[in-house]
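All ligand and atom numbering here is 1-based and tracks the order in the structure.
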Amino acid sequence: MGIELELPAHFNAADYFVDRNIREGRGDKVAVLCEDRSLTYAGVQAGMNRIGNGLKGLGVRMEDRVALLLLDTEIYPQAFFGAIKAGAVPVCLNTLMRSKDYLYFLNDSRARVLIIDAALLEVFEPIRHDLRFLEHTVVVRGSVPEWAMSLEQLIEDRSTQLEAAPTGPDDSCFWLYSSGSTGVPKGAIHLQHDMVYCAQTYGAQVLGVREDDICFSAAKLFFAYGLGNGLYFPFSVGATVAYMPDRPTPASVYDTIRRHRPTIYFGVPTLYGSMLQAEGSLQGVRLCVSAGEALPADILRRWVERHQVQIIDGIGSTEISHIFISNRPDNIRPGSSGKLVPGYEARIVGENFQDVAEGEIGTLLIKGDSICAAYWNKHEKSKSTFLGNWLNTDDKYHGDEEGYYFYVGRSNDMLKVGGIWVSPVEVEACLISHPAVLECAVVGATDKEGLVKSKAFVVLKPGYSPDAPMEAELKSYVKNELAHYKFPQWIESLHQLPKTATGKVKRYELRQAA
Ligand code: 3UK
């Protein structure tokens with residue numbers, strides 16, 4: 001069932017997530033830890049207000065977009081909430097993209113101001129003359145080219161006081177580009193109440209995030225997943241967050257855990273897998289969270305065996321803001337996405353949007369009040385995704401009588417082999433549990449007769465060679481573990497899997513290769 005937020009008619013998310021903490025007496029509490037620095041809630045508030053005033057000084061008006069191309073540091077919450085408090089709309093851009101992607105994001109969003117980390121100027125510079133709407137570039141953390149201004153210049157002489165813009169719960173608040181592995185990215189327009197909804201549902205009722213928690217997310221703030229983990233969940237209860245600007249590797253993540261002693265750690269399955277291959281401890285972590293793709297039961301099992309800390313897998317999406325089906329710290333079903341998060345409803349439907357019988361596979365629709373309003377300037381795609389109260393996730397799921405949900409694959413990844421659905425995800429979970437396999441991906445490939453069969457691309461662990469006996473061994477392993485017809489017809493060994501900037505396997509590339 002949905003929940004009622006009962007927000008006032010004049011509501012601004014920056015007031016809720018930052019100013020409220022000061023009103024409630026947490027001004028001196030450390031909000032952010034980053035490298036050897038720390039920043040209190042009062043410090044975040046002062047910086048946020050100065051940036052908000054600085055943006056207004058540049059002529060930014062309500063609803064104008066302000067693009068953020070920032071690494072995870074203490075500047076992020078100040079810039080994000082500074083823009084929101086001024087009534088502007090931050091657009092959180094992925095820092096792993098290429099120049100032509102930024103050309104698209106900046107022209108599509110029509111951002112008038114870009115706040116960019118000096119480390120990312122190199123990839124921005126080649127396209128800056130092709131931008132049709134950008135008026136100001138503000139550089140943080142490094143040397144400033146003559147055509148830009150520094151953050152210090154932006155906030156110089158600006159007041160630390162700022163009245164929140166007269167927004168309401170349904171005003172635009174922030175945008176995220178959905179990272180679809182195919183097609184053009186779509187700007188998801190999120191509203192002022194969306195983060196509050198997630199904080200009061202998943203944040204409070206699944207994570208149980210508390211004032212004395214320290215959150216650390218290896219997934220960056222520009223991802224919808226990271227934005228909740230590293231910003232609005234901790235800020236919703238006056239907790240502390242640790243930021244790591246570096247690329248997440250097993251070494252950098254273990255190092256940050258050792259340094260800042262987080263109590264909740266947020267990762268993605270691939271990283272959990274590689275962290276299992278590396279040295280390091282999790283001292284102080286009470287709970288681990290996984291999302292982005294299904295967490296293989298085998299990784300979960302080995303993680304708990306080694307670290308004695310549970311991982312709760314949950315499914316979220318950019319459009320829905322955060323996680324809407326999740327395992328619970330005290331109730332984990334390995335291989336399942338868990339149960340509905342309070343505040344969300346689900347339907348599993350067939351091709352004509354009829355509900356499927358219990359246990360049958362269908363497309364997952366979700367209802368809940370953190371779903372974005374629409375995709376910017378993508379009317380057709382908006383109509384096929386946002387169906388009144390319901391959002392089409394394009395994920396294939398089945399449920400069971402106890403209320404657990406099981407991920408089967410993306411609508412477009414599912415394979416019909418010999419007339420029967422084959423879930424690439426299921427075959428992958430099986431292959432990955434084989435001791436020789438480090439990573440794998442299964443896609444559809446066409447055989448001599450034009451029939452679809454499955455093909456597995458595998459990355460073997462060091463010490464195993466990709467020869468014919470290994471191929472035979474993997475095939476018979478799958479045949480033994482799963483229904484016979486599910487074994488992959490072909491197995492090809494690669495040095496690494498092609499990945500998107502967000503770390504998801506580029507299946508369409510593998511499909512083309514297959
Ligand atoms: C897939 C999962 C199985 C699924 C996200 C947590 O990943 C996030 O958002 P994206 O928009 O992708 C959404 C799609 O990714 N997926 C995500 N989590 C799982 N599949 N098990 C999972 N646990 O296809 C979904 O439709 O990049 C994750 C919080 C916020 C997010 N935006």
Side-chain angles (χ1 to χ4, degrees), residues 92 94 96 174-183 185-188 190 194-195 197-199 201-203 206-207 215 217-233 266-272 288-297 299-300 311-327 332-341 344 346 348 363-366 368 370-372 375 381 385 391-398 404-414 423-426 428-429 499-507:
C92 305
N94 184 328
L96 306 169
F174 64 98
W175 290 15
L176 296 167
Y177 275 90
S178 82
S179 59
S181 323
T182 52
K186 303 154 296 216
H190 278 287
D194 292 351
M195 295 186 283
Y197 198 83
C198 294
T201 57
Y202 178 78
V206 176
L207 289 179
C215 299
S217 176
K220 299 296 180 190
L221 289 164
F222 59 76
F223 292 121
Y225 180 43
L227 191 70
N229 307 341
L231 196 45
Y232 60 82
F233 292 146
F266 303 84
V268 295
T270 319
L271 190 55
Y272 282 112
C288 296
V289 180
S290 177
E293 56 181 319
L295 178 70
I299 292 184
L300 171 62
I311 307 176
I312 51 169
D313 183 13
I315 176 175
S317 82
T318 303
E319 290 78 359
I320 302 177
S321 302
H322 214 274
I323 291 172
F324 47 88
I325 291 176
S326 180
N327 285 281
I332 291 169
R333 177 69 61 97
S336 162
S337 302
K339 295 186 174 184
L340 275 167
V341 170
Y344 296 90
I348 298 178
T363 298
L364 181 71
L365 308 185
I366 293 291
S370 61
I371 297 173
C372 65
Y375 295 128
K381 191 67 194 153
T385 304
L391 172 123
N392 184 349
T393 65
D394 263 333
D395 289 310
K396 292 282 187 204
Y397 261 84
H398 66 84
Y404 291 96
Y405 287 86
F406 295 83
Y407 178 75
V408 191
R410 294 288 296 174
S411 297
N412 44 8
D413 284 337
M414 284 293 287
S423 158
V425 175
E426 188 187 14
E428 287 164 12
K499 301 259 175 79
T500 65
T502 65
K504 291 199 168 114
V505 174
K506 286 182 176 168
R507 293 176 175 284

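Between Ser178 and ligand 1 there is no heavy-atom distance shorter than 4.0 Å.
With sequence neighbours left out, the ring-ring contact (aromatic ring centres under 6.0 Å, His included) criterion links Phe174 to Phe80, His190. In this structure Tyr225 satisfies the ring-ring contact (aromatic ring centres under 6.0 Å, His included) test together with His322, sequence neighbours excluded.
Residue Tyr407 touches ligand 1 through its side chain alone, judged by heavy-atom distances below 4.0 Å. For Thr318, heavy-atom contacts with ligand 1 shorter than 4.0 Å involve the backbone as well as the side chain. Counting heavy atoms closer than 4.0 Å to ligand 1, residue Asp313 contributes side-chain atoms (C-beta onward) but none from N, CA, C or O.
On a distance-only criterion, Glu319 and ligand 1 share no N/O pair closer than 3.5 Å. The shortest N or O to N or O distance between Ala291 and ligand 1 is not under 3.5 Å. For ligand 1, none of its N or O atoms has an N or O atom of Ala224 under 3.5 Å away.
Close contacts between ligand 1 and Ile323 involve ligand atoms 6 (C), 29 (C) [criterion: under 4.0 Å to a heavy atom].
For atom 26 (O) of ligand 1, the candidate residues are Thr393, Val268, Thr500, Asp395; the nearest heavy-atom contact is made by Asp395. When Gly503, Ser317, Gly292 are checked for heavy-atom proximity to atom 15 (O) of ligand 1, Gly292 turns out nearest. In this structure, of Gly226, Gly316, Ser337, Pro269, the residue bringing a heavy atom nearest to atom 28 (C) of ligand 1 is Gly316.
Arg507 has a carboxylate O that lies under 4.0 Å from a charged side-chain N of Glu428, or vice versa, which qualifies the two as a salt bridge.
Proximity of a side-chain donor or acceptor of Asp313 to a complementary backbone N or O of Ser337 within less than 3.5 Å is not detected.
In this structure, Lys186 is positioned above the aromatic face of Tyr375, its NZ or CZ under 6.0 Å from the six-membered ring centre and within 45° of the axis.
Inter-residue side-chain proximity for Ile348 and Tyr405 is flagged as met; some heavy-atom pair is nearer than 4.5 Å.
Under 3.5 Å, the side chains of Ser336 and Tyr407 contain no donor-acceptor pair of N or O atoms.
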Determine, stepwise, if the pair Thr270 / Glu293 fulfils side-chain hydrogen bond (donor to acceptor under 3.5 Å, both in side chains). CA-CA 9 Å; Thr270 319; Glu293 56 181 319; 3.1 Å; yes
